[in-house]
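The next block holds one structure in the form of structure tokens; read it before the comments.
Note that this is a predicted model, so its numbers are computed, not measured.
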Amino acid sequence: MHHLFEYDLYIFDCDGVILDSNALKIQAMERALTGYSESEISSSLDYFAKNFGKSRYHHVEFFLRNVIKVSESDFSDRYSQVLNLYARYCEKLYLSAAICDGFIEFISNLGMPCYVASGSDQDELRQVFAKRKLSKYFIDILGSPEKKANNVRKILFESKGKALMIGDSLSDLEAARECEIDFLYVSKYSASPETVRSSSLFSETEEILSFSSLTS
């Protein structure tokens with residue numbers, strides 16, 4: 001048996017790990033930013049891709065304050081507008097996104113408690129997982145607006161044994177290191193693999209292309 005099956009507890013990110021949704025979410029954010037200049041959208045999406053795993057609330061505030069630089073008087077309306085559009089597009093894409101290669105077989109063979117700690121909106125994610133019949137694989141599904149590391153801490157507090165965090169983004173790696181647990185990097189669907197691999201935190205991190213490499 002592969003040593004990755006020997007943990008007591010597994011914590012999964014969602015986008016790029018469970019669902020092949022990273023590219024779709026970048027397209028959704030591009031649509032939500034329609035009306036801004038091409039350079040503003042390009043810069044926003046570049047930041048978005050390199051910081052996948054952070055919440056939409058963080059990203060939209062960053063875009064509006066640091067890239068687009070809207071006035072304070074316009075901020076609240078613009079913030080709500082982009083968030084609402086993005087949420088509408090995400091709801092549709094989550095229902096159509098493919099499940100990542102080998103995920104179902106991998107999680108079905110674990111036989112240990114599994115959780116989700118995602119940067120995606122928690123309520124939205126729980127609804128999507130219920131509709132797609134994915135909820136049955138997890139003890140709990142946690143997401144934003146709470147920070148990912150805080151959600152991981154909550155899971156660890158309520159659990160026992162050696163834990164493995166499985167993700168595809170720098171924020172996943174950072175959460176694992178902050179909570180002092182092992183990290184598995186799944187690279188196939190990662191939005192910005194060079195950002196993850198170039199991090200000083202990546203040293204000695206185990207990497208797989210997809211779960212299929214563990215179950216084939």
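- Residues Leu33 and Ser44 meet the side-chain proximity criterion, which asks for heavy atoms closer than 4.5 Å.
- For Glu38, the CD atom is loosely surrounded, since the number of other residues' heavy atoms within 6.0 Å does not exceed 12.
- Residues forming a side-chain contact (heavy atoms from CB on, under 4.5 Å) with Leu201 (at least two apart in sequence, or on another chain): Leu173, Glu174, Arg177, Ser199.
- Shown here are the salt bridge (charged side-chain N to carboxylate O under 4.0 Å, His left out) partners of Glu30, two or more places apart in sequence or in another chain: there are none.
- Looking at residues two or more places apart in sequence or on another chain, you find a ring pair (Phe, Tyr, Trp, His ring centres under 6.0 Å) between Tyr79 and Phe75.
- Using a 4.5 Å cut-off on side-chain heavy atoms (C-beta onward), Lys148 and Asp13 make contact.
- Between Tyr7 and Ile166, the closest side-chain pair of non-hydrogen atoms is not below 4.5 Å.
- For the pair Arg126 and Asp140, the salt-bridge criterion is met [side-chain N within less than 4.0 Å of a carboxylate O].
- Among the candidates Phe63, Phe62, Tyr57, the single residue satisfying the side-chain contact (heavy atoms from CB on, under 4.5 Å) test with His59 is Phe63.
- Ser144 and Gly119 make their closest contact through OG-O, 3.0 Å (heavy atoms, listed as atom of the first residue, atom of the second, distance).
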Under 3.5 Å, sequence neighbours excluded: what are the donor-acceptor pairs made by side chains of residues 82-93?
| from | atom 1 | to | atom 2 | distance (Å) |
| --- | --- | --- | --- | --- |
| Asn84 | ND2 | Ser80 | O | 3.1 |

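- Considering only heavy atoms from C-beta on, Val17 comes within 4.5 Å of Phe211 through its side chain.
- For the pair Asp182 and Lys162, the salt-bridge criterion is met [side-chain N within less than 4.0 Å of a carboxylate O].
- Using a 4.5 Å heavy-atom cutoff, the side chains of Cys114 and Phe12 are in contact.
- Inter-residue side-chain proximity for Leu9 and Leu164 is flagged as unmet; no heavy-atom pair is nearer than 4.5 Å.
- In this structure, the side-chain contact (heavy atoms from CB on, under 4.5 Å) partners of Lys188, at least two apart in sequence or on a different chain, are Asp101, Leu209, Ser210.
- For the pair Arg132 and Tyr94, the minimum side-chain heavy-atom distance is 4.5 Å or more.
- Pairs passing the salt bridge (Lys or Arg N to Asp or Glu O under 4.0 Å) check and including a residue from residues 149-161, sequence neighbours excluded, read Arg153-Glu178, Lys154-Glu158.
- Using a 4.5 Å cut-off on side-chain heavy atoms (C-beta onward), Phe52 and Asp168 make no contact.
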